[in-house]
Amino acid sequence: QVQLVESGGGLVQAGGSLRLSCAASGLTFSSYAMGWFRQAPGKEREFVAAISWSGGNTYYQDSVKGRFTVSRDNAENTVYLQMNSLKPEDTAVYYCAAGYSRSAVPLYRAYEYDYWGQGIQVTVSS
């Protein structure tokens, strides 16, 4: 079965950095666009960043542009989210997701994704 397993979360001070990883198994990774979403307490899940199947195109939520970078390694079946200049408002559970797509356009709507990880906590202290 398909599994998406996030790692790399934790507690960091404001201004710090974290790198999230999401290891995928049970699917043909290079046929899937990948995305990162997050959900803060009391809020709805929101889109953070996405990358096309080839890694050639990326897309970001405005609030993370210039601070977060999404990348992927198709040989390792892994997608990454490098998060720099973290702010307390970045505190949330972060989820990676896989959506079947060979389009060059990254997917940014939650309903376009077929599989989801279990989520990982990121806490940014002020």
Q) Is any side-chain heavy atom of Ile51 less than 4.5 Å from a side-chain heavy atom of Pro106? A) no
Q. Do you see a donor-acceptor pair shorter than 3.5 Å between the side chains of Glu89 and Thr91?
A. no
Q.
Please tell me whether Val2 and Ile120 are part of a single hydrophobic cluster in this structure, the criterion being side-chain heavy atoms less than 4.5 Å apart.
A. yes
Q: Mark yes or no for whether Tyr94, through its side chain, and Glu6, through its backbone, hold a donor-acceptor pair below 3.5 Å.
A: no
(Q) If you define the side chain from C-beta out and look only at heavy atoms, does anything of Arg19 sit under 4.5 Å from Tyr80? (A) yes
Q: Say whether Trp116 and Leu107 are linked into one hydrophobic cluster, either directly or through other cluster members, by side-chain heavy-atom distances under 4.5 angstrom.
A: yes
**Q.** Shortest non-hydrogen contact from Leu27 toward Ala98
**A.** CD2-CB, 4.2 Å
Q.
Using a 3.5 Å distance criterion without hydrogens, assess whether the side chain of Trp53 forms a donor-acceptor pair with backbone atoms of Arg102.
A. yes
Q) Just wondering, do Met83 and Ser17 contact through their side chains at under 4.5 Å, heavy atoms? A) no
Q. Should the pair Lys65-Asp62 be classified as a salt bridge under the 4.0 Å nitrogen-to-oxygen rule?
A. yes
Q. Side-chain contact, heavy-atom cut-off 4.5 Å: Glu46 with Arg38?
A. yes
**Q.** Side-chain touch Leu18/Leu86, heavy atoms, less than 4.5 angstrom
**A.** yes
Q) If only atom types and distance count, is the side chain of Arg72 paired as donor or acceptor with the main-chain N or O of Phe29 below 3.5 Å? A) yes
(Q) Please tell me whether Tyr100 and Phe47 are part of a single hydrophobic cluster in this structure, the criterion being side-chain heavy atoms less than 4.5 Å apart. (A) no
Q: Ignoring hydrogens and angles, tell me if any N or O in the side chain of Glu112 forms a donor-acceptor pair with the backbone of Arg109 under 3.5 Å.
A: yes
(Q) Any side-chain to backbone donor/acceptor pair from Thr28 onto Ser30? Under 3.5 Å, distance only. (A) no
Q) Quick one: do Leu20 and Val48 end up in the same hydrophobic cluster if we chain Ile, Leu, Val, Met, Phe, Trp and Tyr together by side-chain heavy atoms under 4.5 Å apart? A) yes
Q.
When you measure from the side chain of Asn57 to the backbone of Ser52, do you find a donor-acceptor pair of N or O atoms at a distance under 3.5 Å?
A. no
Q. Pick from Trp36, Phe37, Tyr59: which one makes a ring pair (Phe, Tyr, Trp, His ring centres under 6.0 Å) with Tyr108?
A. Tyr59
**Q.** Flag side-chain contact, heavy atom, 4.5 Å: Tyr60 against Thr69
**A.** yes
Q: Answer yes or no: is there a side-chain heavy-atom contact under 4.5 Å between Asp114 and Tyr32?
A: yes
Q: Could you check if a side-chain atom of Met34 sits within less than 4.5 angstrom of a side-chain atom of Leu4, using non-hydrogen atoms only?
A: yes
Q: Return the minimal non-hydrogen interatomic distance between Ala14 and Ser126, and the atom names on each side.
A: CB-CA, 4.3 Å
Q) What's the spacing between Gln13 CD and Ser125 OG if we round to 0.5 Å? A) 5.0 Å
Q: Test Val12 against Thr123 for side chain to side chain contact (heavy atoms under 4.5 Å, CB included), laying out the working first.
A: CA-CA 6 Å; Val12 64; Thr123 302; over 6 Å; no
Q: Let me see the working for Asn84 and Phe68 under side chain to side chain contact (heavy atoms under 4.5 Å, CB included), right down to the final yes or no.
A: CA-CA 6 Å; Asn84 299 329; Phe68 290 11; over 6 Å; no
